[in-house]
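A short worksheet on the structure shown next.
Proteins get letters first, then strands, A, B, ... in listed order; numbering begins at 1 in each.
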There are 2 protein chains.
Amino acid sequence: MSSASASEPKTGEILPDWVRPIVKESLSERAYRELRVALMRGQLRPDTRLRLRPMSARFGISATPMREALLRLVSEKALALDARGSVVVPRLALDQLLEIRAIRTDLEGRAAAAAIASPAAEIDALEAIHAQISQCHASRDFARAVNLNTEFHLSLCRLGGMPILYEIVELLWVRCGPILSHLYDDGVPDWEPHPHRRVIDALRHGDSDAARDAVREDIERGGSGLFAHVRASPAG
Amino acid sequence: MSSASASEPKTGEILPDWVRPIVKESLSERAYRELRVALMRGQLRPDTRLRLRPMSARFGISATPMREALLRLVSEKALALDARGSVVVPRLALDQLLEIRAIRTDLEGRAAAAAIASPAAEIDALEAIHAQISQCHASRDFARAVNLNTEFHLSLCRLGGMPILYEIVELLWVRCGPILSHLYDDGVPDWEPHPHRRVIDALRHGDSDAARDAVREDIERGGSGLFAHVRASPAG
DNA sequence: GTGTGTAATTTGTTATAACAAATATCTGAC
DNA sequence: GTCAGATATTTGTTATAACAAATTACACAC
């Protein structure tokens with residue numbers, strides 16, 4: 001799927017938008033995709049067991065494509081296998097959360113630096129997302145703020161024009177999905193200016209170093225609410 | 001598999017070494033692993049088609065686990081699907097090779113910096129690998145040099161103690177596997193001192209910045225032989 | 001009540017079969 | 001020889017069944 005899939009409309013379409021590439025999606029891919037967005041939206045709680053046959057019944061498909069979808073997410077480590085071989089929603093360990101943050105620092109930082117080449121319209125779109133985030137903060141709609149924050153980071157990452165890097169980062173976000181809903185458990189940070197704003201300004205000024213540093217700071221200082229929902233790392 | 005698998009013996013084992021954790025490996029996992037090492041060793045040429053039933057016959061298993069193994073490698077982008085849905089060994093595009101190199105710069109650099117905490121024995125092991133590489137250069141055994149070079153980088157990466165980062169980097173190496181055998185097509189670089197050596201020295205001195213910079217330089221200056229075997233990047 | 005054994009069910013895994021679409025092979029006309 | 005068309009085979013996909021191992025349910029003793 002991937003590169004030929006619906007992920008990147010990208011090229012300026014002349015055709016009316018009901019003309020879209022025929023994507024013949026297999027049953028396993030559809031199940032995969034649905035489970036993936038459910039994960040990213042925090043709709044699957046850690047330790048939830050996803051048994052094969054009940055799941056395939058819920059999706060109205062047979063065991064074979066269901067298993068393919070589940071195993072694919074396992075291979076991406078968005079899901080995991082317990083001792084029995086059952087698929088479960090994994091619980092992040094502290095080590096893992098810290099490591100993911102460090103990797104995101106590198107990769108999202110690089111993407112942000114590369115994003116200074118973006119057309120102004122794309123930067124405007126980024127700013128629009130952040131404006132919505134600010135609104136959600138004001139109205140204390142944290143559930144939506146979480147999803148918008150994810151969208152901000154992934155959109156920025158996409159602007160970097162590095163598809164391989166983007167997919168890696170996206171996988172890292174999926175892995176954090178099950179605990180992302182607790183992002184604001186510590187309350188709304190009162191940074192002034194908000195790092196997102198600094199990113200946007202840096203992009204507008206073509207300052208790649210500033211863009212990189214701003215994202216890095218956003219990653220490093222944010223997300224404190226997640227740590228409470230993380231498993232103490234195993235002894236080893 | 002991964003975290004519970006055989007990848008990390010790690011903890012100082014007291015038990016005799018014939019006592020090893022019983023790994024009940026499913027048929028699909030075995031096929032997956034074999035294909036993966038074949039890829040990493042460059043034994044599968046780009047554009048090779050891996051048809052489902054012939055492959056399952058070759059492995060002596062049925063189509064179901066064979067398909068699982070193939071689709072898993074597809075999801076890791078170590079393999080790809082052509083228009084027909086057949087699994088093929090992908091041909092890297094120039095953009096992709098450049099992007100992989102950039103990402104490796106970040107991630108292997110971070111791992112190298114983190115590796116300064118490694119015990120001396122591990123650094124010795126790294127040095128031993130590089131010594132073998134030098135021997136291969138002298139005897140012009142490039143096939144082995146390629147594999148040893150991979151081993152050097154992955155071992156260094158493992159020393160960083162960041163398992164998530166390690167797996168990402170390993171996937172990037174697998175993706176380069178099919179063209180890796182051409183690493184020395186441009187001849188043996190006559191860098192003095194070899195960046196590997198600078199890495200080792202930096203680790204011994206606990207100089208994380210130097211370690212990071214040395215790996216980065218190794219990545220950025222090396223691998224020129226690969227570019228001839230890369231597909232011109234698609235227009236978009 | 002608590003425990004213990006057995007039976008029934010459910011689990012993941014693998015093999016096999018059915019299906020449509022695509023590919024390959026063959027046949028025959030010219 | 002070349003080309004057209006029909007047939008046969010092979011392709012990926014999905015469903016179903018068979019299997020062993022694990023889990024659960026349940027009945028019965030104490």
Salt bridge [X]-[Y], side-chain N to carboxylate O under 4.0 Å:
X	Y	answer
A/E29	A/R72	no
A/E34	A/R58	no
B/R175	B/E76	no

Starting at atom [atom1] of [X], determine the distance to atom [atom2] of [N], rounded to an integer number of angstrom.
X	N	atom1	atom2	value
A/L79	C/dG12	CG	P	13 Å
A/L71	C/dT13	CG	P	7 Å
B/E68	C/dT14	CD	C1'	9 Å
A/L81	C/dG12	CG	C1'	10 Å
B/I61	C/dT13	CD1	P	14 Å
B/M66	D/dT11	CE	C1'	15 Å

To the side chain of B/R67, which of C/dT14, D/dT13, D/dA15 is closest?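 The listed nucleotide nearest to B/R67's side chain is D/dT13.
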Quick one: is D/dG12 close enough that its OP1 or OP2 comes under 4.0 Å of any side-chain N or O from B/S86?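 For D/dG12, OP1/OP2 do have a side-chain N/O of B/S86 under 4.0 Å.
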Set out, line by line, the N/O atom pairs under 3.5 Å between protein and nucleotides 16-22 of chain C.
residue	atom	partner	partner atom	Å
C/dT16	O4	B/T64	OG1	3.2

For A/F152, what residues pass the ring pair (Phe, Tyr, Trp, His ring centres under 6.0 Å) criterion, not counting sequence neighbours?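 So A/F152 forms a ring pair (Phe, Tyr, Trp, His ring centres under 6.0 Å) with A/H196.
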Residues in ring pair (Phe, Tyr, Trp, His ring centres under 6.0 Å) contact with B/H182, at least two apart in sequence or another chain: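 Residues passing ring pair (Phe, Tyr, Trp, His ring centres under 6.0 Å) with B/H182: B/H229.
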Of all residues at least two apart in sequence or in a different chain, which pass the salt bridge (Lys or Arg N to Asp or Glu O under 4.0 Å) check with B/D186?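 With neighbours one apart ignored, the set is empty.
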Would B/S86 and B/R49 count as a side-chain hydrogen bond (donor to acceptor under 3.5 Å, both in side chains) here? Give the steps. CA-CA 7 Å; B/S86 280; B/R49 265 182 79 181; 2.9 Å; yes
Side-chain heavy atoms of A/I168 within contact of A/R104, under 4.5 Å: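 In short, these two side chains do not touch, never coming nearer than 4.5 Å.
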Specify the residues of residues 45-52 of chain B, ordered by number, for which at least one heavy atom lies under 4.0 angstrom from an atom of DNA chain D.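 Here the set is B/R51, B/L52.
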Would you please name every residue forming a side-chain hydrogen bond (donor to acceptor under 3.5 Å, both in side chains) with A/R51, sequence neighbours left out?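 Residues passing side-chain hydrogen bond (donor to acceptor under 3.5 Å, both in side chains) with A/R51: none at all.
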